[in-house]
Trainee: 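So that we are looking at the same thing, I have put the structure below in structure tokens.
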Amino acid sequence: EVLGHPEVGALLQAQALGPPLPPETQRGLESSCIAAVKAKVEVAVAQELQLSEDTWAEEVTSQELQEGLATRVTGLLRAHADRATQITPEFGMEMAQSLLGVLVTFLHSFQRKVERFLEAPGEATPPDGATTRAIALVNCCPPFRTLAERLAQVGHPESEELRRQAHGAMDKVTRICNHVLTQRLFEDLKPYFNKLMKRKWLTSSDAFDTIVMLITSFTQKLRPLHSEPYQVLVSELHRRVLIEYVRPLLQGRLVCTSAKMRARVAARLGDEARQLRELFNRLDSASPWLDSVVPRLRELLVLEDTAALQMEVGVLVRDFPDVRRRHVAAVLDARGLRSPGVRQEILGVLGALEPEPGPPRTRAFFSDLGGARPGRCLPFHLPRLRLGRPPPGTPRL
């Protein structure tokens, strides 16, 4: 400030003056300042969180919660980081590292409070009230993520681990909020998923049409969601809906008894796969890789040539690395393929292509479809045996 004064600045050169304090003294003062700021800010953000938590049970809107908790906490941390950077870059880096640690501690506390609040048995909350509160809480995550990225980008060597912890806490908040948001939807969808892949499903689209209608109605309630949590929720919704759609096919609810029946099943699968693709495209799902799962399984029902079926299994494994032998075997059961030799030729492809267990969770699909379905009984009846009357005196079992 002195050098910036017009009468003084013209007479002095900053480079010629040198540092006003010895380096050891300056570092000691900086460390004391950082410690004092950290202690003060820790108390302040903890108080903000407590004040905010006291309002969660009330009819708080997403805007009120974000402008209250998220804005005040991020604003406080950002102000200290900005002032420190204006002094020296080195001081700014140390201050950013300290504030990132404060933010991580705050986010872990925020995560635990959100989990306790949303999982508490308490009084029954109307579905609309639970939806509003979950949206309000998850909408706090984007500002916190942005601040964590900003503080980590200053370049301190230990920032990456703290950055990872910050995002991990926000991921947990997002998951629990999304679970609350979608729980009621899947309870409503369950009876209609149970009607799929049965003989009536071949002649009536009522169950599937209701599924699409319920999903569309549900997503209209998500308009207050910010872009980032909305994308996460819709992508997970996309995955779970397709899992529940495919599940009955792998459970053996419908077994084709002729080529004509296979063609009818394949046609229905193709049409409904198209409708699901269009639905989630309208919802801006960030997981278009999911759209190919039903068409891939459909091909396993209609292809006739063994070599073509083997190739299709290879493509399925490439697109969905967590597919296993039991899943392909279930589709072969559904198409009515009983020949042991042909089945072995087709399933043998997986022996060379099946990857190691544990696919990345971001691309997991078949691993969430459970184990193999129970074996089917033989399609014929054993003759009833007539047992003679036991000799007199034979004890009864």
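Side chains are part of it too, since the values below use all heavy atoms of this structure and drop only hydrogens, waters and symmetry mates. All residue numbers refer to positions in the sequence shown, counting from 1.
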Trainee: Determine whether E161 and R164 satisfy the following criterion, salt bridge (charged side-chain N to carboxylate O under 4.0 Å, His left out), listing intermediate values before the conclusion.
Mentor: CA-CA 5 Å; E161 174 60 22; R164 185 189 63 79; 2.4 Å; yes
Trainee: Should V232 and V114 be counted in the same cluster of Ile, Leu, Val, Met, Phe, Trp and Tyr side chains packed under 4.5 Å apart?
Mentor: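 No.
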Trainee: Can you name the nearest heavy-atom pair linking A134 to C177, along with the distance?
Mentor: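 Closest approach of A134 to C177, heavy atoms only: O-SG, 3.7 Å.
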Trainee: Stepwise, does the side chain to side chain contact (heavy atoms under 4.5 Å, CB included) test hold for Q97 with V154?
Mentor: CA-CA 8 Å; Q97 173 71 4; V154 174; over 6 Å; no
Trainee: Which pair of non-hydrogen atoms, one from L249 and one from M197, has the smallest distance, and what is that distance?
Mentor: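 Nearest pair, atom of L249 first, then M197: N-CG, 3.7 Å.
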Trainee: Please assess E149 against R145 for the test salt bridge (charged side-chain N to carboxylate O under 4.0 Å, His left out), listing each intermediate value before the final yes or no.
Mentor: CA-CA 6 Å; E149 285 294 325; R145 288 186 191 272; over 6 Å; no
Trainee: Please answer whether the main-chain N or O of F91 pairs with a side-chain N or O of T88 as donor and acceptor at a distance below 3.5 Å.
Mentor: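 Yes.
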Trainee: Going hydrophobic residue to hydrophobic residue with side-chain gaps under 4.5 angstrom, can you get from L49 over to L51?
Mentor: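 Different clusters.
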Trainee: Can a cation-pi geometry be assigned to R324 and F366, taking NZ or CZ under 6.0 Å from the six-membered ring centre and within 45° of the ring axis?
Mentor: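 Judged by the rule (NZ or CZ under 6.0 Å from the ring centre, within 45° of its axis), R324 is not positioned above F366.
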Trainee: Donor-acceptor pairs under 3.5 angstrom involving side-chain atoms of residues 260-270: please list them, not counting sequence neighbours.
Mentor:
residue : atom : partner : partner atom : Å
R262    : NE   : L301    : O            : 2.9
R262    : NH2  : E304    : OE1          : 3.4
R262    : NH2  : E304    : OE2          : 2.4
R268    : NH1  : W201    : O            : 2.5
R268    : NH1  : S204    : O            : 3.4
R268    : NH2  : L202    : O            : 3.4

Trainee: Check whether any side-chain heavy atom of F186 sits under 4.5 Å from a side-chain heavy atom of K190, and report yes or no.
Mentor: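 F186 vs K190: side chains apart.
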Trainee: Check whether any side-chain heavy atom of E94 sits under 4.5 Å from a side-chain heavy atom of E90, and report yes or no.
Mentor: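 SC-SC contact between E94 and E90 ruled out.
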Trainee: I would like to know whether R343 and D333 meet salt bridge (charged side-chain N to carboxylate O under 4.0 Å, His left out); could you show each step before the answer?
Mentor: CA-CA 10 Å; R343 288 174 66 93; D333 288 347; 2.9 Å; yes
Trainee: Please list every donor-acceptor pair under 3.5 Å in which a side-chain atom of residues 104-113 meets a protein atom from a residue at least two apart or in another chain.
Mentor:
residue : atom : partner : partner atom : Å
T105    : OG1  : G101    : O            : 3.1
Q111    : NE2  : E115    : OE2          : 3.3
K113    : NZ   : E53     : OE1          : 2.9

Trainee: Sub-3.5 Å donor-acceptor pair from the side chain of D322 to the main-chain atoms of A364, do we have one?
Mentor: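 Not at all, since once roles are kept as given, no pair shorter than 3.5 Å links the two residues.
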Trainee: Output the distance between atom CG (D206) and atom NZ (K200), rounded to the nearest 0.5 Å.
Mentor: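 One gets 7.0 Å once the value is rounded to the nearest 0.5 Å.
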Trainee: Just by distance, no angles: are the side chains of D291 and H238 close enough, under 3.5 Å, to form a donor-acceptor pair?
Mentor: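 The answer is yes; a qualifying pair exists.
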Trainee: Can you tell me how far the CD atom of Q275 sits from the CG atom of D271, to the nearest 0.5 Å?
Mentor: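 Output value for this atom pair is 4.5 Å.
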Trainee: Would the distance check show the side chain of T85 and the main-chain N or O of A81 forming a donor-acceptor pair, the cut-off being under 3.5 Å?
Mentor: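 Answer holds: yes.
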Trainee: Where do L350 and V323 come nearest, in terms of heavy atoms and distance?
Mentor: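 Looking at all heavy atoms of both residues, the closest pair is CD2-O, 4.4 Å.
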Trainee: Would you check, one step at a time, whether the test salt bridge (charged side-chain N to carboxylate O under 4.0 Å, His left out) holds for D82 with R78?
Mentor: CA-CA 6 Å; D82 291 343; R78 188 181 295 109; 5.6 Å; no
Trainee: With rounding to the nearest 0.5 angstrom, report the CG to CG distance, L225 to L181.
Mentor: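 Between L225 CG and L181 CG, I get 6.0 Å after rounding to 0.5 Å.
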Trainee: Heavy atoms, side chains only, cut-off 4.5 Å: are D368 and R239 in contact?
Mentor: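 Side chain of D368 against side chain of R239, heavy atoms only: contact under 4.5 Å found.
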Trainee: Just do the side-chain hydrogen bond (donor to acceptor under 3.5 Å, both in side chains) check on H80 and R83 with the steps written out, would you?
Mentor: CA-CA 5 Å; H80 284 291; R83 282 196 294 268; 3.2 Å; yes
Trainee: Between CG of L99 and CZ of R150, what distance do you get to the nearest 0.5 Å?
Mentor: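 L99 atom CG to R150 atom CZ measures 10.5 Å (nearest 0.5 Å).
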Trainee: Between CG of L196 and CD of E272, what distance do you get to the nearest 0.5 Å?
Mentor: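 The distance works out to 6.5 Å.
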Trainee: Provide the closest heavy-atom pair for R253 versus N194 in the form atom of the first, atom of the second, distance.
Mentor: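 Shortest heavy-atom separation between R253 and N194 comes out as NH1-O, 3.0 Å.
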Trainee: Is a side-chain donor or acceptor of E236 paired with a backbone partner of N178 at a separation under 3.5 angstrom?
Mentor: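 Between the backbone of N178 and the side chain of E236 there is no qualifying donor-acceptor contact (under 3.5 Å).
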Trainee: To the nearest 0.5 Å, tell me how far I215 CD1 sits from Q220 CD.
Mentor: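 I215 atom CD1 to Q220 atom CD measures 12.5 Å (nearest 0.5 Å).
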Trainee: Nearest heavy-atom pair of S292 and D319: which atoms, and what distance?
Mentor: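 That would be OG-OD2, 4.1 Å.
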Trainee: Could you please spell out the steps behind the side chain to side chain contact (heavy atoms under 4.5 Å, CB included) verdict for H179 and R175?
Mentor: CA-CA 6 Å; H179 174 73; R175 281 196 294 270; over 6 Å; no
Trainee: With a 4.5 Å heavy-atom cut-off, do L151 and S159 have their side chains touching?
Mentor: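 When only atoms from C-beta onward are counted, S159 and L151 do not touch, as no gap falls below 4.5 Å.
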Trainee: Are L347 and M311 connected, step by step, through hydrophobic side chains (Ile, Leu, Val, Met, Phe, Trp, Tyr) whose heavy atoms are closer than 4.5 Å?
Mentor: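 Shared cluster, no.
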Trainee: When you measure from the side chain of T174 to the backbone of M170, do you find a donor-acceptor pair of N or O atoms at a distance under 3.5 Å?
Mentor: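 Yes, the answer is positive, given that a donor and an acceptor are paired below the 3.5 Å cut-off.
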Trainee: Could you check whether any side-chain heavy atom of V293 comes within less than 4.5 Å of a side-chain heavy atom of Y245, counting everything from C-beta outward?
Mentor: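 A side-chain contact is absent here, since even the closest heavy-atom pair is not under 4.5 Å.
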Trainee: Measuring only between side-chain heavy atoms, which start at C-beta, is R318 closer than 4.5 Å to V313?
Mentor: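 Side-chain contact under 4.5 Å: no.
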Trainee: For L185 and L237: C-alpha separation, side-chain torsions, deciding distance, then whether side chain to side chain contact (heavy atoms under 4.5 Å, CB included) applies.
Mentor: CA-CA 10 Å; L185 170 66; L237 176 64; 3.6 Å; yes
Trainee: Given side chain to side chain contact (heavy atoms under 4.5 Å, CB included), test V180 with T131 step by step and report yes or no.
Mentor: CA-CA 7 Å; V180 171; T131 298; over 6 Å; no
Trainee: Taking side chain as C-beta onward, heavy atoms only, is F144 less than 4.5 Å from V173?
Mentor: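 No. Closest side-chain heavy atoms not under 4.5 Å.
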Trainee: Ignoring hydrogens and geometry, is there a side-chain-to-backbone donor-acceptor pair from S285 to S287 under 3.5 Å?
Mentor: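 Looks like yes, one N/O pair under 3.5 Å.
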Trainee: Just wondering, more than 12 heavy atoms not from F218 lying within 6.0 Å of its CZ?
Mentor: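 Yes, enclosed.
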Trainee: Indicate the atoms forming the closest heavy-atom contact of A166 with A148, along with that distance.
Mentor: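 Heavy atoms of A166 and A148 come nearest at CB-CB, 3.9 Å.
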Trainee: Heavy atoms, side chains only, cut-off 4.5 Å: are V241 and L279 in contact?
Mentor: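 A side-chain contact under 4.5 Å is absent here.
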